[in-house]
Amino acid sequence: MPQLPLSNPHPIDAPAVLAWYDSHARDLPWRVSPADRKAGLRPDPYRVWLSEVMLQQTTVAAVKAYFLRFTGLWPRVEDLAAAPLDSVLREWAGLGYYARARNLHACAQAVVREHGGVFPASSAALQSLPGIGAYTGAAIAAICFDEPVAVLDGNLDRVLARYHALDVPVREAKEQLRAALQASVPERAGDFAQAMMDLGATICAPRSATCLLCPLQPACVAARDGTPLLYPVKPEKAEKPVRKGHAFVMTDAAGDVYLQSRPPKGLLAGMTEVPGSDWSAELGTPAYPREAQWHHRGQVVHVFTHFRLELEVWSAIVVPDGLDGGWWAEPEALKGEALPTLFRKVLAQAGLES
DNA sequence: AACCCGGGGCG
DNA sequence: CGCCCAGGGTT
């Protein structure tokens, strides 16, 4: 079933986009400015890769501090590859989507072991590495090597949906958008990719569109119609189920907290937690991990991508014996643990700073 | 193709 | 509170 052609036959005006970028590019820690790029300076693929992985489903503002921390600790891909996975997970704590951190570490090791510490120079080869998919492979290849490839991310989904006044969810026309964008990629492919993302982040933003300043004028259909905020059309979304459970915060007489590791697969894989019950639709009776004077410290609510979690928080002072698999952490050491935000909320609810 | 996987910031 | 964000892996 062939889909309808896009309503806007005009290719993107790449020279106009690049001219806009030359004077309006965002200054980002991992970026080589268009002026420096023209002077012959090349981006470091390691830094570009690291930034792109961190930026997957994560805002620029949230990434900056993590990027500087990572590049300070591990300036080269060899350094990251040689680091223990635990330390990478610890440094990643708070960024979310923790599979990214595991793939990041595996990718660094693959680059060192299988490519002599040099990132492959093509989009296709990059995509065979862990954690590098269609978007990230194209982005690295364009930015670092000026491969003339379409770089299509969430920003571009929105910009192109408006450009074409696309009246179906982007998912249903993804390949047509990609082909149309591909036909517009100029010689300065890396700057073009970054320019389009900057456009989406500043001018063609989710809740505002400053069309008068946009270099995609006058070809943009939504701008011509004065309806940019109608796009992209959103698909129907499913309702979020609620799950409930208990979390148990145990301290010993010295105030140390009992922690353990989550299983290596599944939700929050390999991250640190306090013991707890299963999470299910109905709240069960708390099965305390051991006998003690348990106190109910209230409830913590946390919203994941696909469900809402309500955890009852319990605390007790216990004698540290008969517990397997975990460890006792001093309260001052909690900041350095690989604790996801959920369990930092739980500890805070129990009166502990982390 | 559909589903799973966090967290922060914004209005 | 709902929406959005420089998506990838799995099934």
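Naming convention: chains lettered A, B, ... in sequence-line order (proteins, then strands); numbering from 1 in each chain. All heavy atoms count here, side chains included; hydrogens, waters and symmetry mates do not.
Side chain of A:Arg207, nearest nucleotide from B:dG6, B:dG7, C:dC4: C:dC4. Among C:dG8, B:dG6, C:dC5, the nucleotide with an atom closest to any side-chain atom of A:Gln56 is C:dG8. Nearest nucleotide to the A:Thr136 side chain, out of C:dG8, C:dC4, B:dG6: C:dG8. With distances taken from any side-chain atom of A:Arg100 to the nucleotides C:dA6, B:dG6, C:dC4, the minimum falls on B:dG6. Set against C:dC4, C:dG7, B:dG7, the side chain of A:Tyr135 has C:dG7 as its closest nucleotide. Each of B:dG8, C:dA6, C:dC5 was ranked by its minimum atom distance to the side chain of A:Thr341; first place goes to B:dG8.
Between the CG atom of A:Leu104 and the C1' atom of C:dG7 there is a distance of 14 Å, given to the nearest Å. Note: CG (A:Leu156) to P (C:dA6) measures 11 Å, nearest angstrom. Look at CG on A:Leu95: it is 13 Å from C1' on C:dC5, rounded to the nearest Å. In this structure, the CZ atom of A:Arg243 is 10 Å from the C1' atom of B:dC4, given to the nearest Å. Distance A:Arg102 CZ to C:dG8 C1': 15 Å, rounded to the nearest Å. The interatomic distance linking A:Gln57 (CD) with B:dG8 (P) rounds to 15 Å, in whole Å. The CG atom of A:Asp198 sits 10 Å away from the P atom of C:dA6 (whole-angstrom rounding). Per the geometry, CG belonging to A:Leu50 stands 17 Å off P belonging to C:dA6, to the nearest Å.
Between A:Phe304 and A:Leu309, some side-chain heavy-atom pair lies under the 4.5 Å cut-off.
A salt bridge links A:Lys174 with A:Asp157: the distance from a Lys NZ or Arg NE/NH1/NH2 to an Asp or Glu carboxylate oxygen falls below 4.0 Å. Salt bridge A:Arg188/A:Asp191: present, at least one basic N to carboxylate O contact under 4.0 Å.
Among the heavy atoms of the strands lying under 4.0 Å from A:Arg31 is at least one base atom, whether or not backbone atoms are also near. At the heavy-atom level, A:Trp92 lies nowhere under 4.0 Å from the strands shown. Among the heavy atoms of the strands, none lies under 4.0 Å from A:Ala269. Within 4.0 Å (heavy atoms only), A:Gly200 reaches no atom of the nucleic acid at all. Within 4.0 Å of A:Ile140, counting heavy atoms only, lies no atom of the nucleic acid at all. A:Arg344 comes within 4.0 angstrom of nothing in the nucleic acid, heavy atoms only.
In this model, no side-chain donor or acceptor of A:Thr58 finds a partner on the base of C:dG7 within 3.5 Å. Interface remark: the A:Arg171 side chain does not form any donor-acceptor pair with the B:dA2 base, using a distance-only criterion of under 3.5 Å. Remark: the A:Tyr97 side chain and the B:dG6 base include a donor-acceptor N/O pair separated by less than 3.5 Å.
Nearest-nucleotide assignment on DNA chain C puts the 5′-proximal partner with A:Leu55, out of A:Leu55 and A:Gln127. Residue A:Phe304 is the one, among A:Ala61 and A:Phe304, whose nearest nucleotide of DNA chain B lies closer to the 5' end (criterion: closest heavy atom). If A:Asn103 and A:Ala139 are placed on DNA chain C by their nearest nucleotide, the residue sitting closer to the 5' end is A:Ala139.
Across the P atoms, B:dG6 and C:dT11 are found 16 Å apart, a figure rounded to whole Å. For the P atoms, the distance linking B:dG11 with C:dA6 amounts to 15 Å, nearest Å.
Taking side-chain N and O atoms only, A:His302 has a distance below 4.0 Å to OP1 or OP2 of B:dG7.
Relative ring orientation between A:Trp49 and A:Phe119 is described as tilted, the plane-to-plane angle lying within the 30° to 60° band. Between A:His246 and A:Trp314, the two ring planes are tilted [angle within 30° to 60°].
A donor-acceptor contact shorter than 3.5 Å is absent between the side chain of A:Arg162 and the backbone of A:Cys220.
Judged by distance alone, the side chains of A:Tyr135 and A:Glu52 do bring a donor and an acceptor atom under 3.5 Å apart.
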